[in-house]
Amino acid sequence: MLGVSKRRCRDPQRTHSVGTMATINELPNNILLELFSLLPARELLLHCRPVCSLWRDLIDLVSLWKRKCQREGFIPKKWGQPVSDWKVFYFLCSLQRNLIRNPCAEEGFEFWTLDVNGGDEWKVEDLPGDHGRVFPNSHVKKYFVTSYYTCLKSQLVDLKAEGYWEELMDRTRPDIVVKDWFAARQDCGCKYQVCVQLLSSGHVPLGTFQPDPVAIQQWSDAKWREVTHTFSNYPPGVRYIWFQHGGVDTHYWAGWYGPRVTNSSITIGPELT
């Protein structure tokens with residue numbers, strides 16, 4: 001691999017006769033670090049780090065992982081916030097994305113489980129909808145809407161399948177941030193509810209966010225409202241995240257007059273700006 005024998009490290013006193021080809025290990029450390037910063041992180045840990053003690057020590061340097069964070073745009077060049085472990089920080093940044101699939105109804109009900117489908121059942125509508133408001137984010141074009149009997153839908157996030165291995169979750173226990181958006185029609189009252197649980201491998205709840213249902217009266221401003229919660233310092237053993245939301249209209253009108261929901265999200269790791 002790159003002209004280096006396994007377990008063979010650089011001898012700083014070593015000299016070369018004319019015609020002897022130097023190995024990669026005889027490059028200056030700053031050049032090796034620059035090369036390592038260009039390689040995929042998993043390749044560094046799985047294939048490069050075991051090669052020899054020199055590579056191991058360089059790959060374990062804080063400066064390498066900070067450089068990789070800067071190179072991949074996770075942090076600006078001038079980053080003043082403290083980071084306890086840059087390697088962990090890098091992996092959390094590289095994994096960070098919305099773990100809720102199809103959050104804005106662009107794919108109908110794909111990836112959602114319709115737990116309760118009462119009244120005229122769940123429906124997808126285009127924003128802003130009758131007696132509705134434009135969503136604050138112009139990229140969001142659709143929403144899910146409930147009916148005159150309770151409608152609830154859910155997703156179960158498998159953290160290991162999403163790349164979050166057990167040791168990362170148990171030792172680091174990164175923040176888990178949950179967000180959801182809901183709104184009422186102006187001409188009808190409704191009740192919105194949300195429940196999020198952190199689950200063990202046996203689906204035992206290790207943390208729960210379940211605020212009181214939000215009742216919105218008829219002739220409200222119909223504005224979109226955001227609900228957010230951050231799970232911190234939760235017990236080790238979290239392997240799944242279960243997200244459920246929905247509601248019902250409070251006038252029991254046939255059709256789709258209950259709360260509207262869209263742009264749900266679950267993210268893990270540091271807040272990046």
Side-chain angles (χ1 to χ4, degrees), residues 95-130 132-133 135-164 176-185 188 190-201 203-214 216 224-231 238-250 254-268:
L95 288 168
Q96 194 171 83
R97 63 198 184 281
N98 187 1
L99 298 177
I100 292 289
R101 300 190 179 190
N102 185 30
C104 303
E106 294 293 342
E107 301 172 80
F109 292 100
E110 186 75 16
F111 305 112
W112 291 96
T113 298
L114 304 184
D115 303 313
V116 182
N117 209 11
D120 285 322
E121 304 183 344
W122 281 97
K123 185 183 180 185
V124 171
E125 293 183 348
D126 294 327
L127 279 158
D130 293 341
R133 291 288 191 93
F135 193 76
N137 184 339
S138 62
H139 295 292
V140 179
K141 306 295 185 183
K142 297 176 182 290
Y143 59 82
F144 304 95
V145 60
T146 59
S147 191
Y148 60 90
Y149 285 146
T150 299
C151 293
L152 298 172
K153 62 183 178 69
S154 65
Q155 285 193 34
L156 182 68
V157 177
D158 182 336
L159 293 175
K160 187 175 182 179
E162 297 293 343
Y164 294 89
I176 299 174
V177 181
V178 179
K179 297 181 180 181
D180 198 24
W181 288 83
F182 66 96
R185 288 176 58 117
C188 187
C190 68
K191 186 179 293 185
Y192 160 85
Q193 65 186 80
V194 62
C195 179
V196 185
Q197 291 187 322
L198 309 183
L199 304 177
S200 70
S201 58
H203 294 255
V204 176
L206 299 177
T208 299
F209 170 64
Q210 189 172 19
D212 292 336
V214 178
I216 302 176
W224 284 94
R225 296 167 168 82
E226 183 184 33
V227 56
T228 182
H229 178 76
T230 300
F231 290 97
V238 173
R239 301 294 178 262
Y240 301 93
I241 304 173
W242 182 70
F243 176 98
Q244 185 191 65
H245 65 176
V248 63
D249 90 58
T250 52
W256 297 273
Y257 291 83
R260 301 161 171 185
V261 293
T262 194
N263 204 37
S264 312
S265 66
I266 297 174
T267 55
I268 296 177

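Computed from heavy atoms alone, side chains included, the values below leave out hydrogens, waters and symmetry copies.
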Between Gly118 and Cys151, what is the shortest heavy-atom contact and its length?
O-SG, 3.5 Å
With a 3.5 Å distance limit and no angle check, can you tell me whether Asn102 reaches the backbone of Gly108 through a side-chain donor-acceptor pair?
yes
Heavy-atom closest pair, residues Ala184 and Cys190
CB-SG, 3.4 Å
Could you tell me whether the side chain of Leu159 reaches within less than 4.5 Å of the side chain of Leu99, counting heavy atoms only?
yes
Sub-4.5 Å side-chain heavy-atom contact between Leu199 and Leu156:
yes
Does any part of the side chain of Lys141, heavy atoms only, come nearer than 4.5 Å to the side chain of Glu106, both counted from C-beta?
yes
Measure the spacing between CG of Leu198 and CD1 of Ile176 and express it to the nearest 0.5 Å.
4.5 Å
Given 3.5 Å as the limit, does a donor-acceptor pair link the side chain of Arg185 with the main chain of Gly129, or not?
no
If you measure from the Lys or Arg side-chain nitrogens to the Asp or Glu carboxylate oxygens, is any gap between Arg101 and Glu107 under 4.0 Å?
no
Does the gap between the ring centers of His245 and Trp112 come in under 6.0 Å?
yes
Under the 3.5 angstrom rule, does the side chain of Trp224 hit a backbone N or O of Arg133 as a donor-acceptor pair?
yes
Sorted by chain and number, sequence neighbours left out, side chain to side chain contact (heavy atoms under 4.5 Å, CB included) with Thr250 holds for Lys191
Rounding to 0.5 Å, atoms OG (Ser154) and CD (Gln244) come to a distance of 5.5 Å
Restricting to non-hydrogen atoms, name the atom on Val145 and the atom on Glu125 that form the minimum distance, rounded to 0.1 Å.
CG1-CD, 3.8 Å
Hey, what's the ring geometry for Phe209 with His229, parallel, tilted or perpendicular (30° and 60° as the breaks)?
parallel
Within the distance-only criterion (no hydrogens, no angle test), does the side chain of Asn98 pair as donor or acceptor with the backbone N or O of Ile266 below 3.5 angstrom?
yes
Tell me whether Arg260 contacts the main-chain N or O of Gly258 through its side chain, where contact means a donor paired with an acceptor under 3.5 Å.
no
Which heavy atom of Pro259 sits nearest to which heavy atom of Thr146, and what is that distance?
CD-OG1, 2.8 Å
Nearest-0.5 Å distance, OG of residue Ser265 to CZ of residue Phe243
8.0 Å
Can you sort out the partners of Thr208 under side-chain hydrogen bond (donor to acceptor under 3.5 Å, both in side chains), two or more places apart, ordered by chain and number?
Gln197
Answer yes or no: are there more than 12 heavy-atom neighbours, outside Tyr149 itself, under 6.0 Å from its atom OH?
no
Within-4.5 Å side-chain heavy-atom neighbours: Ile241 and Phe231:
no
Candidate pair Trp181 and Val140, rule side chain to side chain contact (heavy atoms under 4.5 Å, CB included), full reasoning
CA-CA 11 Å; Trp181 288 83; Val140 179; over 6 Å; no
Parallel, tilted or perpendicular: which describes the rings of Phe182 and Tyr192, with under 30° parallel and over 60° perpendicular?
parallel
Roughly how far, to the nearest 0.5 Å, is OH of Tyr148 from CG of Asp120?
4.5 Å
Quick check with a 6.0 Å cut-off and a 45 degree axis cone: is Lys153 positioned over the face of Phe144's six-membered ring?
yes
So, the side chain of Ser147 versus the backbone of Gly255: is there a donor-acceptor pair under 3.5 Å, distance only?
yes
Thr262 side-chain N/O to Tyr143 backbone N/O, donor-acceptor pair under 3.5 Å:
no
Separation of Ile100 CD1 from Lys179 NZ (nearest 0.5 Å)
13.5 Å
Which residues pass the side-chain hydrogen bond (donor to acceptor under 3.5 Å, both in side chains) test with Lys123, not counting sequence neighbours?
none
Gap separating the CD1 atom of Ile216 from the CG atom of Asp249, nearest 0.5 angstrom:
12.0 Å
